[in-house]
Protein chains: 2
Amino acid sequence: MDTKNKLLTSAERLFDQQGFNATSMDQLTEAAQMSSRTLYKHAGGKTGLVKQVLSARDKRFLQMIDVQSIDDLFEALKTWTRTEGARGCLFLRAYGETGSNTPEITDIVLSHKAAFHAQVARLVTGTIGPDHPNLGTLTAQILVLIEGSTAAAIYQGEDAITAAHQAASTLIAQASA
Amino acid sequence: MDTKNKLLTSAERLFDQQGFNATSMDQLTEAAQMSSRTLYKHAGGKTGLVKQVLSARDKRFLQMIDVQSIDDLFEALKTWTRTEGARGCLFLRAYGETGSNTPEITDIVLSHKAAFHAQVARLVTGTIGPDHPNLGTLTAQILVLIEGSTAAAIYQGEDAITAAHQAASTLIAQASA
DNA sequence: ATAAATGTAAAACGAACGTTTTACTTTTGT
DNA sequence: ACAAAAGTAAAACGTTCGTTTTACATTTAT
């Protein structure tokens, strides 16, 4: 793997496991197996690194949820949790740690959530049709369910995703009736 | 207000608004309007302060959700959000910032979530009855909805709570049918 | 072949952090 | 009244932080 990818991959893992502020540049350089000089050449600094890690994760996450049905979406979330663990939404965690003091990071978080919402809307539309009167409502409800399963999975594991999936199925069936 | 309460109240606000690691002892002493010597006498240190803030919030949160119905619960969540804003679950944020490196904080977080789950179970039981076959399932689903509305409210505000409330009502109606 | 680009190792920078200490002052219970 | 308790202000402690720099080695493209 090239230098940049090794940096972003190892940094994402550390940020996710320990938090952003609790992860030092020393830990980041050691995990990426490169000198701090090289790290700064590539990332510019810690804030730059956080931004690039979030952007990379945004891309990866959107690819993961680029599926064809709500069922597949929850299945993808379960696989993600199995392989990467469940420590909550990394974007909201970044927002919470910087307290919105870093507008560039807030922008990344908000645009990620907008893209996420758009994809859920796409899948719900594909399920109940574009003209269903409850399209917006149902989309908002399923988005909350996914957000909730991400949070609850921290302390409940995969069961939280199962519960959210079941709830989503019930809501969809009810709307389709 | 006495010294201890002033400390815990101002610290909770700062931790919530800026994050735990991003809040310095200097900021905490200034906000509490006391010398660092007094702060350390009362809290023991930063970790001790975090623990006491979380314990106080646990008490306050459980009192807030000590209501008689699921509808009242969502109404209480809305009022809380209106008065205090929405920056995500402070317990999960604390867990995420320490990366489970502080077992005492992990314990507080987990026991808070257990108490939260118990209260949701109590309210669901009061709604559909103690012998309903879907009691556990429905409780898990509503818990995920509340957790999700807390997270989504960060970027959607009160609308996220409205969506979760509507979804919970639909699920309850479906289970009662 | 060689110059530019890219890398390493390690020391050093000032600033900020959590914490403790020193020297006094004020409040409070008996 | 007065000792104990609880407070203040401010300096100082050693550590750690993010970042830059120095001095040198390796890779790579023309």
Side-chain angles (χ1 to χ4, degrees), chain A residues 1-55 93-106 108, chain B residues 1-56 93-105 108:
Chain A
M1 203 188 312
D2 63 307
T3 309
K4 187 72 167 284
N5 279 343
K6 184 158 72 172
L7 172 56
L8 293 184
T9 302
S10 60
E12 181 182 345
R13 216 184 67 251
L14 280 182
F15 286 148
D16 188 36
Q17 288 176 343
Q18 312 188 345
F20 296 90
N21 286 319
T23 301
S24 69
M25 295 305 275
D26 278 1
Q27 285 178 296
L28 289 163
T29 56
E30 198 195 332
Q33 294 177 113
M34 63 182 60
S35 65
S36 70
R37 202 179 201 281
T38 302
L39 189 152
Y40 274 86
K41 271 275 169 63
H42 280 97
K46 198 182 186 182
T47 301
L49 183 56
V50 171
K51 283 164 57 180
Q52 291 183 54
V53 163
L54 289 181
S55 292
R93 288 173 63 196
Y95 182 80
E97 284 208 40
T98 60
S100 71
N101 270 337
T102 317
E104 322 146 67
I105 289 178
T106 300
I108 295 175
Chain B
M1 200 189 315
D2 63 306
T3 308
K4 187 73 167 281
N5 278 346
K6 184 157 73 171
L7 172 57
L8 293 184
T9 301
S10 60
E12 181 183 345
R13 214 184 69 250
L14 280 181
F15 286 150
D16 188 36
Q17 287 177 345
Q18 314 188 347
F20 296 91
N21 286 319
T23 301
S24 70
M25 295 305 274
D26 278 1
Q27 286 179 295
L28 289 164
T29 56
E30 197 196 332
Q33 294 178 112
M34 64 182 58
S35 64
S36 70
R37 203 181 201 278
T38 303
L39 190 152
Y40 274 86
K41 271 272 170 65
H42 280 97
K46 197 180 186 183
T47 302
L49 183 56
V50 170
K51 284 164 58 179
Q52 292 182 54
V53 163
L54 289 181
S55 293
R93 288 173 62 196
Y95 182 80
E97 284 208 39
T98 59
S100 73
N101 270 337
T102 317
E104 322 146 66
I105 289 179
I108 295 176

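Chain identifiers are assigned alphabetically (A, B, ...) following the order of the sequence lines, protein sequences preceding nucleic acid strands; residue numbering begins at 1 within each chain.
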Do any N or O atoms from the side chain of B:K46 and from the backbone of B:T23 form a donor-acceptor pair under 3.5 angstrom?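 Judged by distance alone, yes, a pair lies under 3.5 Å.
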Checking the side chain of B:E97 only, and the main-chain atoms of B:N21 only, is there a donor and an acceptor separated by less than 3.5 Å?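 Yes: the side chain of B:E97 pairs with the backbone of B:N21.
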May I have the distance from [X] (atom [atom1]) to [N] (atom [atom2]), rounded to whole angstrom?
X	N	atom1	atom2	answer
B:K6	D:dA6	NZ	C1'	13 Å
A:H42	D:dG18	NE2	C1'	19 Å
B:M25	D:dC17	CE	C1'	17 Å
A:L28	D:dC17	CG	C1'	12 Å
A:D26	D:dG18	CG	P	8 Å

Counting the atoms with a prime plus P, OP1 and OP2 as sugar-phosphate, which does [X] contact under 4.0 Å by heavy atoms, base, sugar-phosphate, or nothing?
X	answer
B:Q33	sugar-phosphate
B:S24	sugar-phosphate
B:S35	base
B:T23	sugar-phosphate

Reading DNA chain D from 5' onward, which residue's closest nucleotide shows up sooner: A:N21 or A:R37?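 The residue whose closest nucleotide sits nearer the 5' end is A:N21.
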Along DNA chain C, 5' to 3', what are the outermost nucleotides having an atom less than 4.0 Å from a heavy atom of chain B?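 Taking any atom under 4.0 Å from a heavy atom of chain B, the span is C:dC17 to C:dA23.
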What are the two closest non-hydrogen atoms of A:T29 and A:D26, and how far apart are they?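 Taking every non-hydrogen atom into account, OG1-O, 2.9 Å.
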Residue pair B:H42 / B:Q52: nearest heavy atoms and the distance that separates them: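 Closest approach of B:H42 to B:Q52: O-NE2, 3.4 Å.
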For A:F20, the option from A:T47, A:I105, A:V50 that meets side chain to side chain contact (heavy atoms under 4.5 Å, CB included):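 Single pass found, and it is A:V50.
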Heavy-atom neighbours of B:Q27 CD exceed 12 at 6.0 Å: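 Result for CD/B:Q27: enclosed.
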